[in-house]
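Before anything else, here's the structure in question.
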Amino acid sequence: MLRRFAVTGASLAVTLAAALLTAAPVSAAPIALLTPVAPLPAAQVITAASPTSPTSPASVPAPALGALATDDAPDIDVTKVQAHLSELNAIANRNGGTRKSSGQGYRDSVAYVKGRLQAAGYTVTEQPCTSGCASGAGPNLIAEWPQGDTSSVYMFGSHLDSVGAGPGINDNGSGSAALLETALTLAERHPAMAARARFAWWTDEEQGLNGSDFYVGSLSSAERSRIKAYYNFDMIASPNGGYFINHLTSTAAQPMKAYWDSLGLQPEENTEGAGRSDDYSFEQAGIPTSGYAMGAGARKTSAQAAKWGGTANRAYDSCYHQSCDTTANINATGLDRSVDGIAATLWKLAVARSTPANDFSLTATPASGSVAPGESLTATIATQTTSGSTQTVALSASGAPAGVTVSFSPGSVTSGASSTMTVAAAASTTPGTYPLTVTGTGSGSVSHTTSFSLTVKGAGGCTAGQLLANGGFENGTSPWTGDTGTIGAHAGQSAHGGSRFAWLGGYGYTATDTLSQSLTVPTGCSKATLTYWLHIDTAETDHTAYDTFRVKVGDKILTSSSNTDAAPGYAQHTLDLSPYIGQRITLTFTATEDTSLQTSFVLDDTSLQVS
């Protein structure tokens, strides 16, 4: 949350002086289950494990699709939110104790969130802040779930940056991690959508709400009109916190208030946070806003302590904008209540009821096919009306590699009819197997998908060369996926070549880091050789393999190292991948630590040479 001080009736945004912390990736403090909230009367308490659907007051207008799925809102697993917080804390530790918008810690945070969203199927965009942001500020990250009515969008956002003085785990890792796990749960549940759900992680909030202001300013009037409401989450796990809602009595706030009311929490207006977080950028543009907060540097009143528990006359967050804002500064009870309220609001506004009034099914026959470069194949995409009336279904496809085009004849059908899908591969298409996703979007805003596995046959011949992209990690994180926050020029370790590397593990508690890259090993080559440089250091003292580093292709483990292999400097490793010639593979490096005593696996200068 941006800190503001009143000055002659105006508000002056002040950037706090930042003392960078010197931190190798030692074990972050475990997230504390702080429970300042006094037990509510038994008749009022509704646990998150067994939610009761609240009676819904008037809400922001949603698309008309019959009843919405309020009752189906999931109980988000707060331990998974805490795991994201631990990763953000570790990222800060590797980058001088901060995730400020202009630093590598912020960019690594973006990479971590982005990798998980892309793996879950989101349409993810990094938006550089080209004006109004601090020098060197990283991008905004926007993720949209690709289903639902595009004319009706509900946005959920939080700032991802910290102040320079600390890792920013409550401010605002809490909001960022809660949104990430909510988004991943939506993808996992994959419900029918009545509206679009768009998630945002903002840059440079701590310097003046700059990232969100840039985003809103970049929207056309038509794009703004499609956003029906924006919900902001900033500091939602304050240790001595209260339960605050932005614009408590507004229409936009009602789904959020209804959920907290169902828990007997008696939320109050977020007066401390008014105009101090990213919802203000949307509010200034005339977009309805609300959101949750649990308080920053203001002090809890006696009445609030009597209602919610905690300590009167003490700040809601005594570590606000300080180096002690770590995973030890998290109220897990409040975090759990907040993230479940976020899910309840999302399901209320954007998720269709479990059984749409008019629905259809979608299938591909056959579900797979092979094509040589320069040729094409066809498959039948069939629809059936499964409930209610027929509707028009528009067909589209995603996941095609460069050189492959997918078309449908006809491009839209009435449910119950079929279309012919033609998949054409250009002569330059790289051989390999590619998963295509065919999407049918009904006129009633119901969408369904079906899968088609495309294999592009090898054309023969071999061009000798190196296949792994960004194998030395010097050019950001792409195209690596997984725990891309491990990539960077981290304090406490050094690169084998250049200035950047991947630091997997090194936590000293149970954790797993992975880095993966997918590629095709060309047909016609006779040899494929993987090489990588690995440095291992450990705090383990005996010769038992407690912490491991594995190299896999697909699900097959090719080799394993452990803490027992620790030694000064880097060692080169070589693996023969010739059995995978002519195949599209996913290469994965995985580090796994046990409950105590860190082992760091530092990876650099990876290469896959073919000849």
*What heavy-atom pair brings A200 and L179 nearest, and what distance separates the two atoms?*
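Smallest heavy-atom distance, with atoms named: O-CD1, 4.0 Å.
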*May I ask you to check whether T599 and T538 show a side-chain donor-acceptor distance below 3.5 Å?*
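Note: T599 and T538 side chains meet the donor-acceptor criterion.
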*Does a side chain donor of either N170 or S238 reach within less than 3.5 Å of an acceptor in the other side chain?*
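Short answer, yes.
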*With no hydrogens and no angle check, is any side-chain donor or acceptor of W480 less than 3.5 Å from a backbone partner on F473?*
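Checking the backbone N and O of F473 against the side chain of W480, no donor-acceptor pair under 3.5 Å is found.
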*Check whether the ring centres of Y532 and F589 lie less than 6.0 Å apart, and answer yes or no.*
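Close enough - the centres of the two rings lie under 6.0 Å apart.
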*How long is the span from the OG1 atom in T182 to the NZ atom in K80, to the nearest 0.5 Å?*
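One finds 12.0 Å between OG1 of T182 and NZ of K80.
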*asked:* Looking only at the aromatic ring of each residue, does the gap between the centers of W533 and F501 stay below 6.0 angstrom?
replied: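 When the ring centroids of F501 and W533 are compared, they turn out to be at least 6.0 Å apart.
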*Among D483, D513, D108, which residue meets the salt bridge (charged side-chain N to carboxylate O under 4.0 Å, His left out) test with R94?*
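One option only clears the test, and that one is D513.
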*Side chain to side chain, E181 and L184, heavy atoms closer than 4.5 Å*: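 The answer is yes; the side chains approach within 4.5 Å.
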*Do any N or O atoms from the side chain of D213 and from the backbone of L209 form a donor-acceptor pair under 3.5 angstrom?*
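No, D213 side chain to L209 backbone: no donor-acceptor pair under 3.5 Å.
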*About how many Å separate CG of L519 and CD of Q517, when rounded to the nearest 0.5 Å?*
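Atom-to-atom, Q517:CD and L519:CG are 6.0 Å apart.
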*Is a side-chain donor-acceptor pair under 3.5 Å present for T564 with S562?*
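Result is yes, a qualifying pair exists.
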*Are a donor atom and an acceptor atom from the side chains of Q598 and D547 found within less than 3.5 Å of each other?*
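There is no such pair between these side chains.
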*Does T203 use its side chain to pair, donor to acceptor, with the backbone of G138 at less than 3.5 Å?*
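Yes: the side chain of T203 pairs with the backbone of G138.
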*Without swapping roles, check the side chain of S162 against the backbone of R99 for a donor-acceptor pair under 3.5 Å.*
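Checked: pair present.
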*Taking side chain as C-beta onward, heavy atoms only, is F601 less than 4.5 Å from T548?*
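A side-chain contact under 4.5 Å is absent here.
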*Taking C-beta and beyond as the side chain, do L468 and L530 meet within less than 4.5 Å on heavy atoms?*
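The answer is yes; the side chains approach within 4.5 Å.
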*For the residue pair T574 and T531, confirm or rule out a side-chain donor-acceptor distance under 3.5 Å.*
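T531 and T574 do not have a side-chain donor-acceptor pair below 3.5 Å.
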*Side-chain contact test, heavy atoms from C-beta onward, threshold under 4.5 Å: evaluate it for V163 versus D325 and give yes or no.*
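No, their side chains stay 4.5 Å or more apart.
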*State, without any angle test, whether N232 and S277 hold a side-chain donor-acceptor pair at a distance under 3.5 Å.*
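Short answer, yes.
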*Can you tell me if Y106 and D204 form a side-chain donor-acceptor pair at under 3.5 Å?*
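Side chains of Y106 and D204: no pair found under 3.5 Å.
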*asked:* Would you say the ring centers of H535 and W503 fall short of 6.0 Å from each other?
replied: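 Not under 6.0 Å, so no.
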_Separation between CD1 of I142 and CD of E126, rounded to the nearest 0.5 Å_ =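 I142 CD1 to E126 CD: 10.5 Å, rounded to 0.5 Å.
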*asked:* How close do D278 and S158 get, counting heavy atoms only, and between which atoms?
replied: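 Between these two residues, the closest heavy atoms are OD2-C, 4.5 Å.
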*Working to the nearest 0.5 Å, report the span between CD1 of I236 and CG of D171.*
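Atom-to-atom, I236:CD1 and D171:CG are 11.5 Å apart.
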_I'd like to know if the side chain of E474 and the backbone of S499 have a donor-acceptor N/O pair within less than 3.5 Å._
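At least one qualifying donor-acceptor pair exists.
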_Distance-only polar pair, side chains of H496 and Q572, donor-acceptor under 3.5 Å_ =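 Judged by distance alone, the side chains do not pair up.
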*asked:* Working note: R196 + E144, criterion salt bridge (Lys or Arg N to Asp or Glu O under 4.0 Å); need CA distance, chi angles, decisive distance, verdict.
replied: CA-CA 7 Å; R196 286 290 172 117; E144 185 160 318; 3.1 Å; yes
*Aromatic rings F233 and F156: how do their planes relate, parallel, tilted or perpendicular, breaks at 30° and 60°?*
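Parallel.
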*Can any side-chain N or O of T484 pair as donor or acceptor with the backbone N or O of T481 at less than 3.5 Å?*
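No, because the side chain of T484 does not come within donor-acceptor range (under 3.5 Å) of the backbone of T481.
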_E206 and N172 side chains, donor-acceptor separation under 3.5 Å_ =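 No.
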*Check I342, I76, V339 against T185 for a side chain to side chain contact (heavy atoms under 4.5 Å, CB included) and give me the one that passes.*
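Among the candidates, only I76 passes.
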*asked:* Under a 3.5 Å distance rule, please check whether W201 uses its side chain to pair with a backbone N or O of S176 as donor and acceptor.
replied: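 Yes.
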